[in-house]
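To start, the structure itself, in structure tokens.
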Amino acid sequence: MEMTVSVNDNINGTLILPLVEGTESIPEDCERGLPQSMKAQINRVLSDGDFKGKAKSTISLVGGEDGKVILAGLGKTDSVSVHDYRKAGAAVFSSIKKIHGNDFTVRFSDAGVAHMAAFAEGMMLRDYSYNHYKMKDDDAGDDDDDAVKQIRLACGEKEASELTAMVENYRGIAKGVHLSRDLGNCPPNDMYPEEFADRAYEWAKQYDNVDVTIINYDQALKDGMGGLVAVGKGSSRKPCMVIFEMNKEIKGKCPVLVGKGITFDTGGISLKPGANMDQMKYDMGGSATVFGTMEALAQTGHEGKVVGITCMAENMPAANATRPGDVIKGLSGKTIEVLNTDAEGRLVLSDGLWKAGEYDPEYIIDFATLTGACVVALGHEATGLWSNNDEFRTRIHEAGNAVDELAWPMPLLPAFEKEMTDSIIADTRNLGAGRWGGANTAAAFLKQFVPNVDYDKDGEQITWAHMDIAGTYWGAKSNTMVKDGATGIHVRTIHHLITQG
Ligand code: BES
Ligand code: ZN
Ligand code: ZN
């Protein structure tokens with residue numbers, strides 16, 4: 001899809017008119033150059049109350065002689081936000097059919113630049129489908145998502161350059177979201193640790209300011225990445241750690257993002273039940289968030305230093321797989337009693353978080369499809385958010401609100417930490433004592449592996465946040481930007497946090 005900004009009064013192709021609730025006739029500032037018959041048709045629909053402008057609603061007028069129109073609802077007049085414009089853009093995009101053709105002109109009534117840009121953002125975000133495994137169907141009907149679309153955003157001359165810049169920025173961010181979605185949607189026979197690493201390595205070649213380093217299985221063994229190795233060793237596709245460094249020559253502290261990257265989670269020897277196990281291909285969503293965020297930052301020309309660490313492994317049962325009862329030791333030197341091999345995300349992250357300390361972090365954020373318990377607590381509507389720093393947690397929550405990706409504060413309590421350090425044989429255990437508070441005990445476990453500043457034994461712990469995206473990385477039916485599959489959640493949140501937070 002091509003999105004351009006246009007200052008002339010031409011209407012190319014189908015006209016898209018975003019309108020607030022209660023609009024009874026076509027707004028004056030949208031009338032320029034509209035053929036009389038088209039105006040009459042729109043006014044009839046509005047005055048008859050056939051289109052009420054409700055949020056995310058659309059109506060398509062294709063019978064007119066002088067062209068086609070899609071009306072897009074923005075919701076109630078007094079509270080129309082950029083989020084409503086973004087959702088309306090996405091809703092319009094999903095309503096486009098072959099009959100509307102490939103060219104569109106969007107004309108806004110009395111909208112600020114930020115609102116127009118958000119509408120464009122919604123269209124761009126929704127412009128996604130994952131068709132790589134479908135044979136091309138020449139007769140593809142109304143759902144032909146691949147048609148090249150040319151979208152013109154009509155605006156005044158004064159607004160054009162600012163709108164162009166904002167749309168350009170959103171285009172780059174949407175690329176990051178779509179990359180995260182592509183990685184997540186890829187079936188697990190084709191997406192395995194080394195494949196993720198190869199894609200990262202190839203991807204980095206297009207940018208002068210990004211480096212990707214792969215720590216392969218042999219190196220991980222040598223380096224003592226016992227958590228990563230314990231999870232991945234039972235698979236014929238061996239684990240690895242992939243490190244992204246952007247603008248690494250810049251001196252000083254920087255954000256470090258860490259991702260859980262289980263390309264398939266069978267549970268290991270603590271095998272999962274069969275129902276819906278296919279969904280465990282999404283268990284690398286945390287790493288996809290990190291990779292996608294790097295792409296969004298690179299596309300939008302971010303000039304600061306940022307590091308991403310993705311912990312890639314496939315969790316399989318095998319003769320040489322880790323057993324419940326095994327005690328392992330990872331990079332941090334702390335021992336872990338593995339009581340359930342299905343609680344594997346925290347094991348790979350224990351090494352990723354410890355490794356993060358090498359990059360002088362301003363802060364560390366990890367992303368993980370970590371616990372079913374988080375989905376029980378928050379459903380598919382919000383990510384669970386924990387932090388060792390209340391102010392930082394609030395900053396992330398606010399960055400999420402700014403882009404309409406909800407991250408909900410959850411507690412890090414000493415009692416949960418105690419539960420996870422209360423092993424009779426090791427320093428920590430990877431399972432809580434009972435089934436309650438499973439998302440919190442998981443977070444409390446991770447905290448044991450967040451290093452202190454400069455790894456100073458008596459120093460202060462690095463500012464850290466944990467985002468459990470088990471409910472939000474896929475299955476979020478209320479997310480207008482997404483039809484199905486992986487959502488690419490939090491690429492936008494973290495891009496906002498790093499560039500504007
Ligand atoms: N990948 C799963 C978490 C998950 C479950 C994500 C459902 C999305 C939907 C994780 O590795 C896991 O299996 N966690 C266990 C932890 C338990 C064994 C302590 C869980 O949540 O049941
Ligand atoms: Zn698991
Ligand atoms: Zn998992």
Side-chain angles (χ1 to χ4, degrees), residues 184 188 191-193 196 227-228 230-232 234-235 239 258-289 310-318 321-326 336-352 366-384 386 410 416 419-420 422-423 428-446 466-477 485-487 489-490:
M191 176 51 62
Y192 44 93
F196 184 98
L228 189 78
V231 175
S235 171
V258 179
K260 168 178 172 180
I262 304 301
T263 57
F264 196 75
D265 182 12
T266 64
I269 298 297
S270 314
L271 194 64
K272 284 183 180 296
N276 299 323
M277 205 205 273
D278 57 293
Q279 296 180 352
M280 285 299 124
K281 73 170 186 174
Y282 296 119
D283 211 22
M284 33 60 71
S287 287
T289 304
T310 54
C311 312
M312 310 307 301
E314 184 176 51
N315 189 21
M316 290 294 228
T322 296
R323 293 156 286 253
D326 283 359
I336 306 169
E337 182 184 12
V338 180
L339 288 165
N340 189 318
T341 63
D342 196 12
E344 83 297 338
R346 61 197 77 183
L347 301 180
V348 299
L349 287 172
S350 70
D351 284 334
D366 74 71
F367 308 89
T369 49
L370 201 64
T371 63
C374 190
V375 194
V376 173
L378 299 172
H380 294 290
E381 299 308 317
T383 292
W386 291 257
M410 300 282 278
F416 294 131
E419 211 174 310
M420 302 309 285
D422 195 22
S423 161
T428 61
R429 44 186 283 161
N430 80 332
L431 195 65
R435 51 190 287 257
W436 308 121
N440 299 306
T441 48
F445 175 89
L446 294 181
H466 158 56
M467 301 183 80
D468 192 333
I469 56 174
T472 48
Y473 190 70
W474 80 96
K477 298 236 164 29
T487 60
I489 195 81
H490 296 317

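One-based numbering, in listed order, for ligands and for the atoms of each.
- Those atoms of ligand 1 with a heavy atom of L431 less than 4.0 angstrom away are 19 (C).
- Using a 3.5 Å distance cut-off with no hydrogens or angles, the side chains of S270 and N340 do pair a donor with an acceptor.
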Just do the side chain to side chain contact (heavy atoms under 4.5 Å, CB included) check on L271 and T266 with the steps written out, would you?
CA-CA 6 Å; L271 194 64; T266 64; 4.0 Å; yes
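- Under the 4.0 angstrom criterion for non-hydrogen atoms, R435 is not in contact with ligand 1.
- A donor and an acceptor atom, one from each side chain of W386 and D468, are nowhere located under 3.5 Å apart.
- In terms of modelled atom types and a separation under 3.5 Å, the side chain of S235 and the main chain of M316 share no donor-acceptor contact.
- Put simply, A368 stays out of reach of the Zn ion (ligand 3), with no N, O or S atom under 2.8 Å from it.
- Atom 1 (N) of ligand 1 is flagged as protein-proximal [any protein heavy atom, distance under 4.0 Å].
- Metal site remark for the Zn ion (ligand 2): D283 contributes no N, O or S atom at a distance under 2.8 Å.
- Counting only distance, with no hydrogens or angles, the side chain of N430 and the backbone of A343 share a donor-acceptor pair below 3.5 Å.
- Interface of T369 with ligand 1, defined as ligand atoms under 4.0 Å from a residue heavy atom, comprises 1 (N), 2 (C), 3 (C), 6 (C).
- Taking every heavy atom of A470 and a limit of under 4.0 angstrom, the matching atoms of ligand 1 come to 6 (C), 8 (C).
- The closest approach of E344 to the Zn ion (ligand 3), by N/O/S atoms, is made by OE2.
- Of all atoms in ligand 1, listed by their number and element, those nearer than 4.0 Å to a heavy atom of K272 are 2 (C), 12 (C), 13 (O).
- Shortest contact from atom 3 (C) of ligand 1 to any protein heavy atom: L370 O, 3.4 Å.
- Ring geometry, Y282 versus W474: the interplanar angle falls under 30°, so the pair is classed parallel (tilted spans 30 to 60°).
- If you check which protein heavy atom lies closest to atom 4 (C) of ligand 1, you get G372 N, 3.8 Å.
- Looking only at atom types and distance, the side chain of H490 has a donor-acceptor partner in the side chain of T383 under 3.5 Å away.
- Below 4.0 Å from some heavy atom of D265 lie the following atoms of ligand 1, by number and element: 1 (N), 2 (C), 10 (C), 11 (O), 13 (O).
- Judged by distance alone, with hydrogens and angles left aside, the side-chain atoms of T472 form no donor-acceptor pair with the main-chain N or O of A382 at under 3.5 Å.
- In this structure a side-chain-to-backbone donor-acceptor pair under 3.5 Å is missing from T310 to S287.
- Less than 4.0 angstrom separates some heavy atom of R346 from each of these atoms of ligand 1: 16 (C), 19 (C).
- If you check each of Q279, M280, K260 against atom 7 (C) of ligand 1, the one with the closest non-hydrogen atom is M280.
- Between N340 and ligand 1, no N or O atom pair is found at a separation short of 3.5 Å.
- Relative to atom 8 (C) of ligand 1, the option among W474, F445, F264, Y473 with the closest non-hydrogen atom is W474.
- Within D265, the N/O/S atom positioned nearest the Zn ion (ligand 2) carries the name OD2.
- At a 4.0 Å heavy-atom cut-off, ligand 1 touches D342 through backbone and side chain alike.
- Ion pairing of D422 with R429 is absent here, as no side-chain N (NZ or NE/NH1/NH2) approaches a carboxylate O to less than 4.0 Å.
- Counting the atoms of ligand 1 from 1 in the order shown, those under 4.0 Å from a heavy atom of E344 are 11 (O).
- Shortest non-hydrogen contact noted between P193 and M312 is CB-CB, 3.7 Å.
- Put simply, the side chain of E344 reaches to within 4.5 Å of the side chain of K260, judged on heavy atoms.
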